[in-house]
Amino acid sequence: MLHSILNRDFGDEQKDEDSITLELCSRVANLLGKEKAVFLPSGTMCNEIAINIHTNPGDEIICESSSHIINFETGGPAAISSVMIHAINGKNGIFEAEQLSAAIRKPSRYAPISSLVCVEQTSNMAGGTIWELDKLNAVAIEAKKYNLNTHMDGARLLNACVKTGVNAETYSKNFDSVWLDFSKGLGAPVGAVLAGSEEFINKSWRIKQRLGGAMRQSGVLAAMCLYALDNNISRLSNDHEVASFLESEIEKLETVEQILPVETNIVIFDLSDETISAPKLVQKMEEQGFRIGAFGERRIRIVTHLDVDMDSATKLVAALKIYL
Ligand SMILES: *Cc1c(COP(=O)(O)O)cnc(C)c1O
């Protein structure tokens with residue numbers, strides 16, 4: 001990946017003069033079946049730009065309660081776009097079209113206007129679960145019935161594609177905007193690409209500039225993202241295999257109260273009250289060279305990626321067994 005940036009010509013991205021960034025955007029637009037795409041420093045910026053364009057101040061957007069937009073973007077929708085959020089409690093991050101229609105505000109002189117629905121493919125904090133195509137389409141069709149815009153946080157969309165064999169364009173078809181993160185499972189150091197209609201992307205450029213996301217020789221980053229597109233997609237199945245192995249071992253542990261169904265590369269489980277706390281377990285693992293995450297006192301999250309192989313997963317299980 002590092003070699004992919006050597007001996008290349010770079011230009012000014014914000015003037016559309018960086019050919020490598022342009023190539024990346026056109027490849028991703030194509031992959032997602034959209035007219036155009038824009039390179040951004042992060043997935044968070046993709047979400048926040050999309051929300052800004054799809055809404056007006058005072059509107060309400062609809063997201064699942066565990067979503068990244070609600071929990072990890074520092075209140076960005078309120079701060080940047082002056083919108084409210086209606087949270088739907090889904091099952092493992094997935095909600096039904098009926099839940100969406102119940103959440104959409106009826107036209108009223110008093111209520112905020114529902115203008116956007118967001119979905120996460122795959123769900124992050126709900127355990128990497130995959131939106132089935134039928135459910136995704138039903139939600140998008142319901143949204144369009146009420147003139148809502150549709151946005152897909154596709155940070156791990158390609159994990160879903162590799163797992164199910166459904167292509168990215170098919171998953172994204174009924175969504176006005178969708179993006180991929182290159183700094184997650186795809187293994188690039190920096191970057192995300194947001195795609196949509198030509199009009200949407202032209203508007204995105206203004207918000208990108210406003211938020212300080214316009215870059216110069218971004219080809220240094222884009223070259224590595226292109227490398228990831230060429231080399232790191234099909235190998236996501238290894239991450240799924242390692243996660244599935246972890247699931248099968250962790251669910252056997254007596255002090256594990258529940259484990260969320262593992263569908264892709266995220267393993268989430270809760271520790272029973274009789275055992276060590278989650279932050280303490282994380283600290284103990286860190287001392288032995290394993291990085292896992294704690295969410296609250298009892299919940300642990302483990303993510304597999306291209307630097308984690310079956311051997312390290314086996315060692316992690318052995319280390320966990322000392323405490324659980
Ligand atoms: C990581 C992540 C983001 C944010 O992406 P960054 O590139 O870290 O800003 C957004 N949504 C989901 C589901 C994520 O997992």
Side-chain angles (χ1 to χ4, degrees), residues 24 28 32 37-52 54 61-77 79-81 85 87-88 90 92-95 116-131 136 150-163 168 171-172 175 177-195 204 207-208 211-213 215 218 221-222 224-225 228-229 232 236 239-240 243 260 262-268 291-293 295 299 301-306:
L24 175 68
V28 174
L32 300 175
V38 60
F39 188 46
L40 292 166
S42 70
T44 302
M45 202 182 278
C46 294
N47 278 338
E48 294 303 327
I49 287 177
I51 290 166
N52 191 269
H54 289 313
I61 69 171
I62 299 169
C63 305
E64 208 278 332
S65 59
S66 70
S67 66
H68 195 278
I69 289 172
I70 293 184
N71 298 290
F72 302 105
E73 300 188 8
T74 70
I80 296 168
S81 302
I85 302 182
I88 293 181
N92 299 326
I94 314 292
F95 53 86
L116 172 68
V117 60
C118 305
V119 299
E120 229 175 72
Q121 179 73 306
T122 66
S123 78
N124 175 351
M125 292 311 296
T129 34
I130 297 171
W131 276 85
L136 210 49
T150 49
H151 172 69
M152 180 186 288
D153 172 337
R156 297 185 184 79
L157 169 59
L158 294 178
N159 287 84
C161 296
V162 165
K163 181 63 187 275
Y171 275 132
S172 321
F175 287 79
S177 50
V178 51
W179 59 272
L180 298 180
D181 209 327
F182 285 88
S183 66
K184 300 275 170 83
L186 291 178
V190 179
V193 176
L194 173 66
S204 295
I207 316 301
K208 167 172 155 126
L211 298 177
M215 293 174 267
S218 63
L221 304 173
M224 290 189 274
C225 297
L229 275 186
N232 291 349
L236 290 171
D239 301 342
H240 302 163
L260 301 187
V262 174
E263 295 184 11
T264 52
N265 70 327
I266 298 177
V267 183
I268 293 178
R291 290 205 129 173
I292 61 176
F295 291 88
R299 179 155 282 197
R301 175 171 169 274
I302 300 175
V303 180
T304 59
H305 52 84
L306 80 177

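Each ligand, and each atom within it, is numbered from 1 in the order the structure gives. We count residues from 1, following the sequence as given.
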Q: With heavy atoms only and a cut-off of under 4.0 Å, state how M45 meets ligand 1: side chain, backbone, both or neither.
A: neither
Q: Just let me know how S42 lines up against ligand 1, side chain, backbone, both or neither, with a heavy-atom cut-off below 4.0 Å.
A: both
Q: Okay, side chain of T264, backbone of G128: is any donor-acceptor separation there less than 3.5 Å?
A: yes
Q: Near E120, which atoms of ligand 1 are under 4.0 Å from a heavy atom of that residue?
A: 13 (C)
Q: Between K163 and E263 (side chain of the first, backbone of the second, donor and acceptor by atom type, cut-off under 3.5 Å), is there such a pair?
A: yes
Q: If I apply the N/O under 3.5 Å rule, does E73 come out as touching ligand 1?
A: no
Q: Checking T129 side chain against N92 main chain: does a donor-acceptor pair fall under 3.5 Å?
A: yes
Q: Quickly, which of L236, N124, D239, L186 forms a side-chain contact (heavy atoms from CB on, under 4.5 Å) with R156? Name it, please.
A: N124
Q: Name the residue from L180, T122, N232, D181 that meets the side-chain contact (heavy atoms from CB on, under 4.5 Å) definition with L158.
A: L180
Q: Before giving the answer on side chain to side chain contact (heavy atoms under 4.5 Å, CB included), spell out for E120 and M125 the whole-Å C-alpha distance, their side-chain angles and the decisive distance to 0.1 Å.
A: CA-CA 10 Å; E120 229 175 72; M125 292 311 296; 6.0 Å; no
Q: Compute the centroid of each ring, for F95 and then for W131, and state whether the two points are separated by less than 6.0 Å.
A: yes
Q: Can you find an N/O atom of R156 closer than 3.5 Å to an N/O atom of ligand 1?
A: yes
Q: May I ask you to decide if M152's main-chain N or O and Q121's side chain share a donor-acceptor pair within less than 3.5 Å?
A: no
Q: Quick check: does A155 get an N/O under 3.5 Å from an N/O on ligand 1?
A: no
Q: Identify the closest protein heavy atom to atom 5 (O) of ligand 1: which residue and atom is it, and at what distance?
A: D181 OD2, 3.0 Å
Q: Any N/O of T44 closer than 3.5 Å to an N/O of ligand 1?
A: yes
Q: Note the single closest protein heavy atom to atom 11 (N) of ligand 1, along with its residue, its atom name and the distance in Å.
A: D153 OD2, 2.5 Å
Q: Among all protein heavy atoms, pick the one closest to atom 2 (C) of ligand 1 and tell me residue, atom and distance.
A: K184 NZ, 2.3 Å
Q: Could you list the atoms of ligand 1 found under 4.0 angstrom from a heavy atom of N124?
A: 13 (C), 14 (C), 15 (O)
Q: Say whether W179 and ligand 1 are in contact under the criterion: heavy-atom distance to a ligand atom below 4.0 Å.
A: yes
